[in-house]
Amino acid sequence: MKTTFSLLVFLIGASCIMLACGGKLGSADASKLADSSEALVKQVCTRCHEWIPPDMLDKSTWTESVLPVMAAKMGVYEMDGKTFFNEKNDPNAAGVYPDKPQIDMETLRAVFNYFEVKAPDALPAQKRSNPIGAESNLFGVEFPQITAEPGAVTTFVGIRPAQKQILAGISGSKSAVGLFDNKLKPLSSLTMPSAPAWIEPADATHFWVTCMGNIFPNNAKEGQLIEVNVQNNKLNAGKKLLEGLPRPVQIQKATLESSGDILVNGFGHLRGRLYYQKAGTEKVTVLRDMPGCLHSKVIDWDKDGKNDVIALFTQGKEAIVLFRNLGGGRFEEKELLSFLPVNGSSWFEIADVNSDGKNDIVYTCGDNADYSVILKPYHGVYIYENKGNNIFEQSWFYPVHGAYRVMLRDFDLDKDLDMVSIAYFADFTGQPEETLLYFENKGNNNWLPFRLPGALNGRWLTMDAGDVDGDGDEDIVLGNFSQGPQSFITQEMVNRFGSAPPFTLLRNKTR
């Protein structure tokens, strides 16, 4: 086997040297070379993540964007006069980029050649079982009674059903948490050190505000956890609970070892981790020492009386992972679902979708801001059915370019779960309606998609659902993140979203 592999490398290397020296392979020879190198390419490309079939991206995206990034992370920063993007000099990225090449140039050229030959010129269009229907009349559209700062971004929205209030985290020239009543009148505002990525109720009168530091990708550890108290509908400055966090996107109060443990989703960038700090101590337990933990849920998954953690990891190794609590600060890790790095995993919900008594997973993928910025037909909303014994099978998929979040509620009060999805990287120029969709549950995994009013009143990155007015039906609040990548979007939309209100309420009219 070793001799065969060495001979394969030699043959590929000889062909690649010919290419580098000005030789030219015909299309038939290039195809044969690609076929012969497939085993080698797979070995190279699965060192860090799952194998990505070449037809998942187009030819240009592979060779001009994705493969150069891969090369840099294998210690090759230049090839054939082209310099590859890297963050090697960032002190917070130490160890990510090797000092010496981890791959020889002939093998690297074979990898480039393989994807250039095997990848399609363009990806196919979406295939939808049901077209997007007419606009639903289930909701009315309302806006907050404030004047938005141009270009401000909304990083969090949440409904407080018991108080009939809305919380919003907004970042512009300054970052703040805003409190609004159910008529969207502002009640109070409190300045924060950086963008509030998550607001978690700590008790009846206190919030934990996750301040993530710089919103956009970076390796700095500037995140903080701030406790805020609210009295008489007024937000008051509280104490700093944690600081120096790796770009956290969610922090929760949880009982994992003891009541009041702090679970931190340190998304980071090239470095990050999911961990918790035991209440009242400095003890830290790391669940996974990897970047990209976007969303987590604390749940007694196995019903043994101890809280477990289920978390979505994005970045290179995308997966939904169960951390089963064994007690005493010990956890057993199991991947419930794994995904390809090109998926752009963005959210998940846990719900018994088919009413069989087992929790299913509803998942969205659509993050499209990294290295493969093209419309992908496999982006959208997925349902994975729980078959028992922690085995899940895909039972439904609806393509939505840039799908970013999904929520399940009985919106029409017919005693089954419906869905609403948002898409931050929607195809705004071709089908802008997909940025905000309502899926009515017709039973037997038949979900009818409808447009929703107010879809183009903002660019939606975050949302929440809850009964904000106490009338017995579920309303929806949408956060307008107006800045960010301008792929798939017109300049007119960029300008319009930048001057739009920070959030929009879809008030349910069922009752």
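When a residue number appears, it is its place in the shown sequence, counting from 1. In this text the structure is predicted, and so the values were computed from the model without any measurement.
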Distance-only donor-acceptor check, side chains [X] and [Y], under 3.5 Å:
{"X": "Asn390", "Y": "Trp301", "value": "yes"}
{"X": "Arg405", "Y": "Thr462", "value": "yes"}
{"X": "Ser338", "Y": "Glu318", "value": "no"}
{"X": "Gln126", "Y": "His401", "value": "yes"}
{"X": "Asp352", "Y": "Ser355", "value": "no"}
{"X": "Ser482", "Y": "Asn480", "value": "no"}

I'd like to know if [X] and [Y] make a salt bridge, using a cut-off of under 4.0 Å between side-chain N and carboxylate O.
{"X": "Asp418", "Y": "Arg409", "answer": "no"}
{"X": "Arg128", "Y": "Glu434", "answer": "yes"}
{"X": "Asp304", "Y": "Lys306", "answer": "yes"}
{"X": "Arg324", "Y": "Asp302", "answer": "yes"}
{"X": "Glu349", "Y": "Lys297", "answer": "yes"}
{"X": "Arg511", "Y": "Asp471", "answer": "no"}
{"X": "Glu142", "Y": "Lys509", "answer": "no"}

- Reported CE-to-CH2 distance for the pair Met419 and Trp447, which is rounded to 0.5 angstrom: 4.5 Å
Just list the side-chain donor-acceptor pairs under 3.5 Å for residues 190-201, sequence neighbours left out, or say none.
residue, atom, partner, partner atom, Å
Ser194, OG, Gly213, N, 2.9
Trp198, NE1, Glu200, OE1, 2.9

Do the two ring centres, one from [X] and one from [Y], sit under 6.0 Å apart?
{"X": "Phe425", "Y": "Phe488", "answer": "no"}
{"X": "Phe397", "Y": "Tyr378", "answer": "no"}
{"X": "Tyr363", "Y": "Tyr382", "answer": "yes"}

Does [Y] offer a backbone N or O that forms a donor-acceptor pair with the side chain of [X] under 3.5 Å?
{"X": "Asn307", "Y": "Leu256", "answer": "no"}
{"X": "Gln252", "Y": "Leu263", "answer": "no"}
{"X": "His379", "Y": "Asn343", "answer": "yes"}
{"X": "Glu243", "Y": "Leu225", "answer": "no"}
{"X": "Asn446", "Y": "Lys442", "answer": "no"}
{"X": "Arg247", "Y": "Gly272", "answer": "no"}
{"X": "Asp300", "Y": "Gly305", "answer": "yes"}

- Message: Parallel, tilted or perpendicular, judged at 30° and 60°: which one describes the rings of Tyr438 and Phe139?
- Response: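 Perpendicular: the ring planes of Tyr438 and Phe139 meet at over 60°.
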